[in-house]
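Accompanying notes for the structure given below.
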Amino acid sequence: MNNDGNTTEPRLGRGTARTGVWFVGARGSVATTAVAGCAAVTAGMHPPTGMVTETAPFTGTGLPSLASLVFGGYDTVSCPLPKRAEHLTEAGVLPHGLAGAVRTDLAAADREIRPGGPLAGDTRTDEELIAAFATDLESFRERHALARVVVVNVSSTEPLPGPDAVRLPPSSLYAAAAVRTGCPYVNFTPSTGLRTAALTDAVAASGLPHAGRDGKTGQTLLRSVLAPMFVQRALSVRAWSGTNLLGGGDGAALADPAAAAAKNAGKERVLADTLGHSPEGEVHIDDVPALGDWKTAWDHIAFDGFLGSRMVLQTIWQGCDSALAAPLVLDLARLVARAHEAGISGPLPELGFYFKDPDGGPAGLSEQFTALLSFAGRLRETR
Ligand SMILES: NC(=O)c1ccc[n+]([C@@H]2O[C@H](COP(=O)([O-])OP(=O)(O)OC[C@H]3O[C@@H](n4cnc5c(N)ncnc54)[C@H](O)[C@@H]3O)[C@@H](O)[C@H]2O)c1
């Protein structure tokens, strides 16, 4: 047990078997922070703050150790990972000196990043793209003799596909390749991924565990704590409005109203699921490049008390998005890899704790945490 009350399992917990983590969006802020952070924690340079899987309830669950994770993935940009980590240091996301200290790990992951697609002017059909991605995944698994590879989508948020779309969105092409090659899958973004009718049969037949969608790291995390409080105290929420200011790649992607719509649908779902109705109010996302990876989220909650007395709660969340997301991404990769090893298949509602738009399960954070702990118990029993 370290100073933060976290436990650390032996470095290579389960024999010498190694687990691949294949990031879609591998040169982005979240993926780069996850690779750098995994190396830093493994080397004992930093405690695993923010990693739920490193806390006591997960001891003995057989999760792959952080040292056993091998990283690779796709990105449509070419900035080398060590350089990307330097940019994140300049932006204050990574601590000074870390990028240099874990340079070997970043360079190793960088060698396993492929261009993905579809790239500008790409003439390949959906089937050709899926086949090419499947070949990349198989090659990664074989070259590193990996026990399994978890595909984790941390790519830029896509616009919601239109009703007449004839092509699959990129997130679904990558997800289809994961299913075809027997890779468990995590969607940390609001993009479609596996949630398309085109993949329903293949996903069901694959028997693979999968989890999504859209990581719950800030504003929605707070909403999933506060909304049950209003319900439990029999207070009537009249309106819940929110504004987010952020920069970075995510801020730029979400400046597109169609991408923001995909994000906001998940943010609003938690209120409808918890309160039993959708209160008045909207969520807005503003791209403020000067803020970089730091997000400010302001919520204004108008509610009624006894005899209709009108009250307001306002909250301001200021967080570093990648530092919040990266430990959760590592948690999810380990949990879904272990579920695969244990023969657990299908959607994992027990991981709803991590998502804005989960695959079923309770909506409040407290109940979601209880479900996660039961899942840890189930993993422990299957060892
Ligand atoms: N940081 C958080 O707190 C948080 C929370 C929930 C969800 N997310 C989601 O995680 C994702 C990543 O966030 P980020 O801050 O790292 O964004 P980012 O912009 O830094 O990284 C996204 C990466 O995806 C790459 N990309 C775009 N299209 C691609 C494609 N077709 N194939 C492969 N790669 C592609 C981009 O080049 C970029 O490097 C976003 O969708 C975001 O909404 C983040």
Side-chain angles (χ1 to χ4, degrees), residues 22-37 50 72-81 83-85 87-88 91 93-94 110 113-120 122 124 129 132-133 136 151-160 167-175 177 186-193 212-222 244 246-256 259-267 270 285 287 289 291-297 317-329 332 354-358:
W22 189 260
F23 285 129
V24 179
R27 300 190 192 282
S29 302
V30 173
T32 308
T33 307
V35 173
Y74 287 119
D75 207 302
T76 46
V77 299
S78 56
C79 177
L81 221 48
K83 179 59 77 187
R84 189 76 182 82
H87 293 160
L88 288 173
V93 177
L94 296 179
D110 191 69
I113 300 178
R114 306 288 175 262
L119 303 165
D122 211 324
R124 290 175 289 178
L129 286 161
F133 300 155
D136 290 334
V151 174
V152 183
N153 183 16
V154 282
S155 173
S156 314
T157 299
E158 295 166 353
L160 284 169
R167 300 279 310 252
L168 285 174
S171 64
S172 298
L173 298 173
Y174 293 124
V186 175
N187 189 358
F188 200 76
T189 82
S191 303
T192 309
R213 96 183 149 175
D214 201 6
K216 182 163 68 184
T217 55
Q219 183 179 50
T220 315
L221 178 69
L222 206 52
N244 293 269
L246 79 157
D250 204 19
L254 295 172
D256 172 0
K263 188 68 140 186
N264 289 340
K267 283 178 180 280
V270 67
I285 302 177
D287 178 29
L291 295 184
D293 236 37
W294 265 264
K295 182 192 279 175
T296 297
W317 173 279
Q318 292 183 286
C320 176
D321 256 2
S322 303
L324 290 163
L328 306 186
V329 163
L332 285 164
Y354 290 98
F355 295 108
K356 294 187 187 77
D357 183 16

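Numbers here simply count residues along the sequence, with the first being 1. Both ligands and their constituent atoms are indexed starting at 1 by order of listing.
The ring pair (Phe, Tyr, Trp, His ring centres under 6.0 Å) test applied to Tyr174 returns Tyr74, Phe133, not counting sequence neighbours. Not a single ring pair (Phe, Tyr, Trp, His ring centres under 6.0 Å) links Tyr354 to another residue, sequence neighbours left out.
No donor-acceptor pair closer than 3.5 Å links the side chain of Arg27 to the backbone N or O of Asp75. In terms of modelled atom types and a separation under 3.5 Å, the side chain of Asp293 and the main chain of Val93 share no donor-acceptor contact. Formation of a donor-acceptor pair under 3.5 Å by the Ser172 side chain with backbone atoms of Thr192 is not found in this model. Side-chain atoms of Ser171 come within 3.5 Å of backbone atoms of Gly193 as a donor-acceptor pair (strictly under, hydrogens ignored).
Among protein heavy atoms, the minimum distance from atom 33 (C) of ligand 1 is reached at Tyr174 OH, 3.4 Å. Atom 28 (N) of ligand 1 has Ser155 OG, 3.5 Å as its closest protein atom, hydrogens excluded (heavy atom only). Of all protein heavy atoms, the one closest to atom 14 (P) of ligand 1 is Val30 CG2, 3.7 Å.
For ligand 1 and Arg84, the ligand atoms under 4.0 Å from any heavy atom of the residue are 20 (O). Using a 4.0 Å cut-off to heavy atoms of Thr217, the atoms of ligand 1 that qualify are 2 (C), 3 (O), 5 (C).
Distances from ligand 1 to the non-hydrogen atoms of Gly117 include at least one value under 4.0 Å. Under a 4.0 angstrom heavy-atom cut-off, Asp75 registers as being in contact with ligand 1. Residue Ser156 places a heavy atom under 4.0 Å from ligand 1.
Looking at Lys356 against ligand 1, only its side chain comes within 4.0 Å, counting heavy atoms. Here Asp321 has heavy atoms under 4.0 Å from ligand 1 in both its backbone and its side chain. Residue contacts with ligand 1, taken as heavy atom pairs separated by less than 4.0 Å, do not involve Arg114 at all.
The option with the heavy atom closest to atom 9 (C) of ligand 1, from among Tyr74, Phe188, Phe355, is Phe188.
With a 4.5 Å cut-off on side-chain heavy atoms, Pro118 and Leu129 count as touching.
Using a 3.5 Å distance cut-off with no hydrogens or angles, the side chains of Ser29 and Arg84 do pair a donor with an acceptor.
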